[in-house]
Protein chains: 2
Amino acid sequence: MKKDITISPLRLAILGLVAMHPQSGYDLKKVFETTPMGNFSSSPGAIYPALKSLEKKGWIRGEPENTKSLRPRQVYSLTDEGDAILSSVLEKPVTHEDLIWHFDLVMLRFAFIDRLGNEQALRFLREFQNESEAYVRHLEEIRGQMQQNMSPSGRLALEHGIQGTRGSARWAQKAIEELSKLEKK
Amino acid sequence: MKKDITISPLRLAILGLVAMHPQSGYDLKKVFETTPMGNFSSSPGAIYPALKSLEKKGWIRGEPENTKSLRPRQVYSLTDEGDAILSSVLEKPVTHEDLIWHFDLVMLRFAFIDRLGNEQALRFLREFQNESEAYVRHLEEIRGQMQQNMSPSGRLALEHGIQGTRGSARWAQKAIEELSKLEKK
DNA sequence: AATTTCATGTAACCAGTTACATGATTCA
DNA sequence: TGAATCATGTAACTGGTTACATGAAATT
């Protein structure tokens, strides 16, 4: 029985980024500072300890680039074990709970998914679309029940959630079409 | 000079909910379990310590409902100080940083904003719309720059962010129209 | 009589924040 | 030569998680 791996957004981001190409903590920091990936922290106080702990787990390995320097730049790359872990995280089905409680983690998983190939990306998107549509229905039900005892802005905030989730479902549909087209070529 | 108050989503949710009407920790727990507000935690291990700490700060006050019981139900209500704090949090301008780093907190602020009146709600929505549109432009710029060195799914994930933010801006526009209509009546 | 729900709480743990520290290298 | 940037790290703190504990009241 495979152990269920839980991982924080920051750690998954690090894992995914070093999987694309080996890089240092500082490189990662820059990525977080300059791209939308930065939603998953940035501060050295988070990145360096995370690198240490991932290394301790044996998922990444850091090697000094310039041995003569006092504090040489550590370049981290994925180990075989890290590769397996990353794949198993990306392969996990997209559940209702993921969508509600860890949406950012879900999108992050998708951002790295193409290393598993197109079929996996499509599988992910289909699950994502299904769960999003189910969640929209659930939110609409709540809206129906609570309409009365909600303040105007409370109702509008709920409306934002409904429309946002609906948008996500539509995005998934479009993405599926796009990836299917690529497949055929 | 007014001190800049930072508050966690859970604490703001608690403050806003007891502001609507006094209630116990257990009542709050149920709200978190049964409404979309539940995004901001739920576990007793978070709620009860948060209540204690808010009480210690003097923002809420708990009073036992049934003094004869061994562990009487504590009903919390907002103090005058808590009322002032809540208002000052809701009055804060919607900044670019808020939008990027604390989006959930921003929506939560909006959900409770009508206690400040319609003009404040409209002010909030205008700021929200402006910042959202600016962020869309920023993301589009990034998309333009990175198009090449991004994987298909990475690009699609970015696309999700752009479309989601665009959706938020549109939502704000609609909400402004709706609240303006209410105003006139 | 047994189970569920009401109701509050604690303890160990984890991950991230802010702020600070260190020192090398590159650039103006 | 002074400033900015490269590069890595630590310490104190905060706030949340899971899991557990307690016991009354209501329901089946």
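Residue numbers start from 1 in every chain, and the chains themselves are labelled A, B, ... in the order their sequence lines are given, proteins ahead of strands. Worth knowing before you read on, the calculation uses all heavy atoms, side chains too, and leaves out hydrogens, waters and symmetry mates.
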Nucleotide C:dC6, atom P - distance to OH of B:Tyr48 in whole Å: 11 Å
Rounded distance (Å) that lies between atom P of D:dG9 and atom CG of A:Leu28: 12 Å
Rounded distance in Å - CZ (B:Arg73) to C1' (D:dG23): 17 Å
Residue B:Pro44, side-chain atoms from C-beta onward, closest of D:dG9, C:dT17, C:dG9: C:dG9
Value in whole Å for how far the C1' atom of D:dG16 lies from CD1 of B:Ile7: 15 Å
Protein-nucleotide distance (B:Glu33, atom CD; C:dC6, atom P), rounded to Å: 9 Å
B:Ser8, nearest nucleotide to its side chain (from D:dG15, D:dT10, D:dT17): D:dG15
Ring geometry between A:His160 and B:Phe103 (parallel below 30°, tilted from 30 to 60°, perpendicular above 60°): tilted
B:Glu63 backbone acceptor or donor facing B:Glu65 side chain under 3.5 Å: no
Phosphate contact (D:dG9 OP1 or OP2) by A:Lys52 side-chain N/O below 4.0 Å: yes
A:Lys57 to A:Trp59, cation-pi by 6.0 Å centre distance and 45° axis angle: yes
Protein-nucleotide distance (B:Leu10, atom CG; C:dG16, atom P), rounded to Å: 19 Å
A:Glu133: partners by salt bridge (charged side-chain N to carboxylate O under 4.0 Å, His left out), with sequence neighbours left out: none
Length of the OH-C1' vector between A:Tyr76 and D:dT8, whole Å: 9 Å
NZ/NE/NH1/NH2 to OD/OE distance under 4.0 Å, A:Glu33 and A:Lys29: yes
Stretch residues 100-113 of chain A: residues that reach within less than 4.0 Å of DNA chain D through a heavy atom: none
